[in-house]
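These figures come from a predicted structure and were not determined experimentally.
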Amino acid sequence: EEADLEREMERLLSEIGRGMIDYYDFVGREGEDRKVFRALVLSFLMMSGLVGVVQDPLKDRVWIFRSRPKNIDRHSVALPI
């Protein structure tokens with residue numbers, strides 16, 4: 001339901017806080033059964049510009065952080081779960 005999705009988006013935003021968080025640790029934090037749902041909700045937050053993502057290919061790490069929506073061209077990023 002849409003209200004459940006919005007509540008989950010707010011909850012995940014509050015979990016992210018102010019720092020940079022490892023993407024894979026974040027989506028897997030509540031176990032395997034919720035991992036895909038958390039990744040899906042996080043993707044909505046990324047598309048809306050409320051969460052940013054930084055990839056470090058040398059260390060094979062992906063970081064997420066809270067951000068503010070900007071008026072820039074959107075692009076897609078594929079992250080495996």
Side-chain angles (χ1 to χ4, degrees):
E1 188 170 304
E2 188 174 330
D4 292 336
L5 182 61
E6 288 182 18
R7 270 194 305 276
E8 188 67 13
M9 288 172 73
E10 289 175 18
R11 190 172 76 80
L12 292 187
L13 271 177
S14 68
E15 279 186 44
I16 293 171
R18 301 273 178 236
M20 302 231 332
I21 298 175
D22 183 270
Y23 169 81
Y24 297 106
D25 290 344
F26 185 79
V27 295
R29 187 175 289 170
E30 293 182 359
E32 289 295 315
D33 56 329
R34 300 235 339 134
K35 183 189 271 189
V36 173
F37 181 66
R38 284 175 66 92
L40 178 69
V41 173
L42 192 56
S43 72
F44 283 114
L45 293 170
M46 288 176 184
M47 287 189 309
S48 64
L50 296 172
V51 171
V53 61
V54 175
Q55 294 178 288
D56 183 347
L58 297 177
K59 294 182 181 176
D60 195 28
R61 302 293 297 265
V62 179
W63 303 97
I64 57 172
F65 58 93
R66 264 183 105 152
S67 65
R68 296 183 190 272
K70 299 175 181 103
N71 289 331
I72 59 173
D73 291 331
R74 294 179 185 231
H75 61 280
S76 61
V77 176
L79 300 172
I81 297 175

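Residues passing the salt bridge (charged side-chain N to carboxylate O under 4.0 Å, His left out) test with Glu30, sequence neighbours excluded: Arg11, Arg34, Arg38.
A salt bridge (charged side-chain N to carboxylate O under 4.0 Å, His left out) check over residues 41-52, counting only residues at least two apart or in different chains, returns nothing. For residues 45-62, the salt bridge (charged side-chain N to carboxylate O under 4.0 Å, His left out) pairs, not counting sequence neighbours, are Asp22-Arg61.
Counting heavy atoms from C-beta outward, Leu42 and Ile16 have side chains that approach closer than 4.5 Å.
Hydrophobic cluster of Met20: the remaining members, joined at side-chain heavy-atom separations below 4.5 Å, are Val54, Trp63, Phe65, listed by chain and number.
The minimum heavy-atom distance linking Ser67 with Gly52 is given by the pair OG-N, 3.6 Å.
Ion pair Lys35/Glu32 flagged as a salt bridge, since at least one NZ, NE, NH1 or NH2 atom sits closer than 4.0 Å to an Asp/Glu carboxylate oxygen.
Tested against Ile21, the residues Arg66, Glu15, Arg29 include a single side chain to side chain contact (heavy atoms under 4.5 Å, CB included) partner, Arg29.
Separating the CG atom in Leu12 from the CG atom in Leu50 is a distance of 11.5 Å, to the nearest 0.5 Å.
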